Amino acid sequence: MTSTTRVVVIGGGMAAARLAGQLSAAGAAVDLTVVGEEPYAPYNRVLLAEVLAGRYGPEVTALPLPPAARWLRGVRAVRLDRAGRQVLCDDGSSVPYDTLVLATGANPVLPPLRGLSGGGPPGAAPGGRELPRGVHPFRTLSDCRALMAEALPGTRAVVVGGGLLGVSAARALAGRGVRTVLAHQGEHLMEGRLDARASALLRDHLEGLGVEVHTECRVRGLETRTGGTGGRAVRAVELADGYRLEAEVAVLACGVRPRTGLARAAGLEVREGIVVDDGLRTSDPRIHAVGDCAEHRGTVYGLAGAAQDQADALARVLLGADGAAYAGTRALTRLTLAPPAGGPGRTLDLAAFGETVPRPEDDVVRLADATRGLYRKVVVRGGRLAGGILLGDLGAVGTLARTWEDDEPLPSAPLLHLITDDGGL
């Protein structure tokens with residue numbers, strides 16, 4: 001790159017902030033513009049559950065803003081002019097580029113529930129769907145602020161979805177004194193990451209925090225009423241078996257979908273996400289993609305760690321570093337479920353990585369201690385760690401995670417030694 005190279009990033013989230021920071025730290029002489037749809041400076045989305053729980057203020061989530069970057073807040077990119085190398089925005093402006101980076105992130109999935117869409121003018125919901133009052137996804141700082149305003153002590157709330165985000169939201173709401181129900185369609189919570197035994201411990205912990213958990217239940221629709229201002233407000237969540245969960249607040253934590261509309265409309269290759277190569281280039285070599293919108297070697301990660309890895313790799317690519325490439329991320333899921341500040345109960349730490357469902361030829365080592373609320377499981381394949389689950393005391397997680405991330409051969413010590421307090425390595 002040269003001092004006249006114009007780099008434009010669409011998306012003002014964590015991946016964009018990381019990329020801008022890396023280019024700035026390297027002293028890159030580049031004209032950098034970030035077009036961000038949200039009205040806020042970049043923030044750490046991972047901390048939103050802690051903000052909702054009241055453990056941190058929103059200001060704690062703020063990420064450093066490189067002074068060299070021109071940051072356009074509250075501006076939405078609406079079209080890419082690849083021939084003219086311009087980004088056209090909703091305020092009528094256009095931003096020229098030499099190199100374009102798509103860091104558009106992902107939208108929360110809004111399930112096809114009866115009563116969800118009002119049929120009125122488009123609201124703030126992704127996809128232009130107006131949501132009843134009290135119904136929120138949990139993806140952005142705006143979502144978090146709206147929930148904080150409505151989730152008052154004694155309020156009845158239903159969280160739909162028992163994945164990582166739903167579990168985090170339910171714990172946070174319960175910590176605010178909200179009467180919280182978690183409704184999950186699957187057989188057990190976080191089934192994509194945890195086995196049944198670990199999930200049972202997680203469920204016990206949530207119930208100890210005051211969360212009422214329902215699994216193997218499908219949400220059919222929302223029951224609404226007309227509010228005093230004429231708009232609709234949620235009053236209950238209806239399950240497929242006819243059971244009715246009263247609610248003034250409903251949180252939709254049903255997963256996310258990569259935001260690929262701009263790329264698709266511009267003729268770039270899109271599958272589940274925007275397809276990129278090891279240089280994080282799209283089918284147009286002048287355009288790159290990173291973060292939750294990108295699909296690399298058939299994988300859309302949807303995780304903050306992978307977004308940061310991709311931003312770091314792209315910075316090296318743009319700076320022309322020797323051998324710069326992105327080979328993928330071995331992502332670890334980590335979650336801390338703490339009781340309300342000053343309240344009863346204990347903290348539950350959870351970590352999961354790799355393939356936690358063993359193949360027939362794999363070795364599996366488990367250690368469970370009900371008294372200490374501890375559960376550890378590792379899957380060993382061909383003398384290497386294939387995956388693992390750890391709940392409770394996570395003294396071994398650092399060593400195990402590093403061994404898995406580096407794909408190192410395991411020592412010849414007994415396998416049980418892997419899940420002792422020091423990780424056995």
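The structure displayed is predicted, hence computed values, not measured ones.
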Item to complete: For Glu216 and His188, test the side chains for any donor-to-acceptor distance below 3.5 angstrom and give the result as yes or no.
Response: no
Worksheet item: Judged by atom type as modelled, is there a donor-acceptor pair below 3.5 Å linking the side chain of Glu223 to the main-chain atoms of Arg235?
Response: no
Practice prompt. Evaluate the side-chain proximity of Val378 to Ile389: yes if any heavy-atom separation is below 4.5 Å, no if none is.
Written response: no
Worksheet entry | Heavy-atom side-chain contact between Leu100 and Leu80 under 4.5 Å | yes
Worksheet item: Of the non-hydrogen atoms in Gly392 and Leu348, which two are nearest, and what is the gap between them?
Response: N-CD1, 3.8 Å
Item to complete: Check whether any side-chain heavy atom of Val364 sits under 4.5 Å from a side-chain heavy atom of Val380, and report yes or no.
Response: no
Discussion item. Can you confirm whether the side chains of Tyr40 and Ser142 place a donor and an acceptor under 3.5 Å from each other?
Written reply: yes
Discussion item. I'd like to know if the side chain of Arg384 and the backbone of Asp407 have a donor-acceptor N/O pair within less than 3.5 Å.
Written reply: yes
Worksheet item: When you measure from the side chain of Gln310 to the backbone N and O of Gly291, does any donor-acceptor pair fall under 3.5 Å?
Response: yes
Fill in: Side-chain heavy atoms of Val249 within contact of Leu147, under 4.5 Å
yes
Worksheet entry | Modelled atom types, side-chain donor and acceptor of Glu207 and His205, under 3.5 Å | no
Worksheet item: Hey, does the side chain of Thr282 reach the backbone of Leu268 with a donor-acceptor pair shorter than 3.5 angstrom?
Response: no
Practice prompt. Indicate yes or no for a side-chain donor-acceptor contact from Arg232 to the backbone of Arg133 under 3.5 Å, with no hydrogens or angles considered.
Written response: no
Discussion item. Do Tyr56 and Asn44 pair up side chain to side chain, a donor and an acceptor below 3.5 Å, judged on atom types alone?
Written reply: no
Worksheet, complete the sentence: Residues Ala338 and Leu209: closest non-hydrogen pair is O-CD1, 4.4 Å
Worksheet item: Given side chains that start at C-beta, do those of Leu319 and Gln22 come closer than 4.5 Å, heavy atoms only?
Response: no
Worksheet item: Do the charged groups of Asp363 and Arg381 touch, with an N to O distance under 4.0 Å?
Response: no
Fill in: Arg366 side chain vs Arg376 backbone, donor-acceptor pair below 3.5 Å
no
Worksheet item: Is there a donor-acceptor contact under 3.5 Å from the side chain of Asp312 to the main chain of Asp309?
Response: no
Worksheet entry | Heavy-atom donor-acceptor pair, Ser168 side chain to Gly166 backbone, under 3.5 Å | no
Worksheet item: Does any N or O in the side chain of Tyr301 come within less than 3.5 Å of the main-chain N or O of Ala307, such that one atom is a donor and the other an acceptor?
Response: no
Practice prompt. Measure from the side-chain N and O atoms of Arg73 to the backbone N and O of Glu37, and report whether any donor-acceptor pair falls under 3.5 Å.
Written response: no
Item to complete: Taking the side chain as every heavy atom from C-beta outward, state whether Thr33 and Val7 have any pair of such atoms under 4.5 Å apart.
Response: no
Worksheet item: Does the side chain of Arg145 reach to within under 4.5 Å of the side chain of Leu141, using non-hydrogen atoms?
Response: yes
